[in-house]
Amino acid sequence: MAPIKIVQFPYLSDNYGILLHDEDSQQTIAIDAGDADAYNHILQSRGWILSQIWVTHHHWDHTDGIKELYQRWKCEVIGPKAHSQAPIAHLSHGLRAGDTLQFGNSLVQILHTPGHTLDMINYYFPEEKILFSGDTLFSLGCGRVFEGDMDMMYHSLCQFLTLPDDISIYCSHEYTRANGRFALTVDAENQDLISRMSEVEKLLDAGQPTIPTNLGIEKKTNPFLRTSDSSIRKKHGLENASASDVFAALRTAKDNF
Ligand code: ZN
Ligand code: FE
């Protein structure tokens, strides 16, 4: 029983695409599909046949390649059941919170994390300790709140706080440097954040991705997961605010950063 192969590759200006391959069944899954050429290039170079596309949310930079990939590979398209502002092309199977999928020998759990969009879902492999977090959780940041509200996004991020620390997080964008610069303005004394940022600068300067990240590190360094931290609260005069209100203040500050 071979482990799942994970290939991460950049596309557009700052997106990451993912292909998952199971040797035993020869099945290949694309997580999102914003750019058909980028996905086809990896599929061809590996000799893999695309079986399914698993969509996180309806935004164009995650979905624009679906039609072309579907036509070429006749693959199945799976994604959120609850549509928000745009339907997902060729969607044949809709997923909700708590649904499960099987990929090779792996169980996959569906988390629904609305806020950035209302339809956002994330794919969690508890045995492999991998989470595909879409545009909900980024390294040192989180997605902008477009369709939902601040309280909704706060509760979506709280779902990640209940997961074990030793999970690898694959998010959909390389935003870590800009996120980290903001994080340092609200959490300047955090030694874990300072050392993560120096590692991030080294990786990016060497042309390396900062993704995947690790959930345990994010819990210690990502301000949007640290709404109960007393020094962050103190700095913003929010000692007695609800965690959701602290989140809203941080997200608004980041929007204006
Ligand atoms: Zn998005
Ligand atoms: Fe995106």
Side-chain angles (χ1 to χ4, degrees), residues 6-20 29-39 42 53-69 77-91 94-97 110-124 130-157 159-160 168-180 182 200 204 209-213 218 222 224-225 247 250-252 254-255 257:
I6 306 174
V7 180
Q8 174 183 263
F9 52 94
Y11 70 89
L12 300 175
S13 57
D14 50 41
N15 278 79
Y16 283 125
I18 295 284
L19 285 166
L20 304 176
I29 308 286
I31 306 282
D32 288 329
D35 178 345
D37 288 346
Y39 282 77
I42 307 287
I53 301 171
W54 293 359
V55 180
T56 60
H57 66 299
H58 68 82
H59 280 163
W60 68 274
D61 61 308
H62 302 252
T63 55
D64 259 14
I66 292 176
K67 283 184 185 159
E68 198 180 322
L69 291 169
V77 181
I78 290 175
K81 184 148 203 151
H83 294 191
S84 35
Q85 289 175 354
I88 290 163
H90 304 298
L91 189 77
L95 298 165
R96 298 175 203 267
I110 304 305
L111 307 179
H112 179 218
T113 59
H116 177 72
T117 63
L118 294 177
D119 65 347
M120 179 74 73
I121 58 172
N122 305 129
Y123 298 87
Y124 174 44
I130 301 164
L131 172 71
F132 297 97
S133 67
D135 286 2
T136 299
L137 181 66
F138 295 128
S139 184
L140 303 180
C142 72
R144 236 177 220 265
V145 178
F146 287 123
E147 293 178 11
D149 61 28
M150 293 292 188
D151 190 56
M152 190 186 270
M153 187 66 160
Y154 165 72
H155 282 99
S156 290
L157 290 168
Q159 293 183 50
F160 301 136
S168 292
I169 308 229
Y170 290 83
C171 59
S172 298
H173 290 272
E174 181 57 74
Y175 287 160
T176 314
R177 174 145 43 197
N179 286 339
F182 170 75
V200 162
L204 293 173
T210 67
I211 308 302
T213 181
E218 293 302 319
N222 189 323
F224 300 101
L225 298 178
F247 171 78
L250 293 174
R251 186 59 257 183
T252 304
K254 173 68 167 63
D255 291 346
F257 181 64

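Each ligand, and each atom within it, is numbered from 1 in the order the structure gives.
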**Message:** If only side-chain N and O atoms count, and only distance matters, is there a donor-acceptor pair under 3.5 Å linking T56 with D32?
**Reply:** yes
Find, among atoms of [X] that are N, O or S, the one nearest to the Zn ion (ligand 1), and state its name.
X	answer
H59	ND1
H116	NE2
D135	OD2

**Prompt:** For the residue pair Y154 and F247, does the interplanar ring angle fall in the parallel (under 30°), tilted (30 to 60°) or perpendicular (over 60°) class?
**Reply:** tilted
**Request:** For the pair F182 and F224, name the ring-plane relationship: parallel under 30°, tilted 30 to 60°, perpendicular over 60°.
**Result:** parallel
**Message:** Here's a test for you: under ring pair (Phe, Tyr, Trp, His ring centres under 6.0 Å), which of Y170, Y123, W54, Y16 qualifies with F132?
**Reply:**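 The option that passes is Y170.
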**Message:** Can you give me the closest heavy-atom contact between H112 and S156, atom names plus distance?
**Reply:**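 Scanning both residues, the minimum pair turns out to be O-OG, 4.5 Å.
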**Complete:** With rounding to 10 degrees, D61 OD2, the Fe ion (ligand 2) and H62 NE2 define an angle of 90°
**Item:** At the Fe ion (ligand 2): angle between H173 atom NE2 and D135 atom OD2, to 10 degrees
**Value:**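 H173 NE2 and D135 OD2 form an angle of 100° at the Fe ion (ligand 2).
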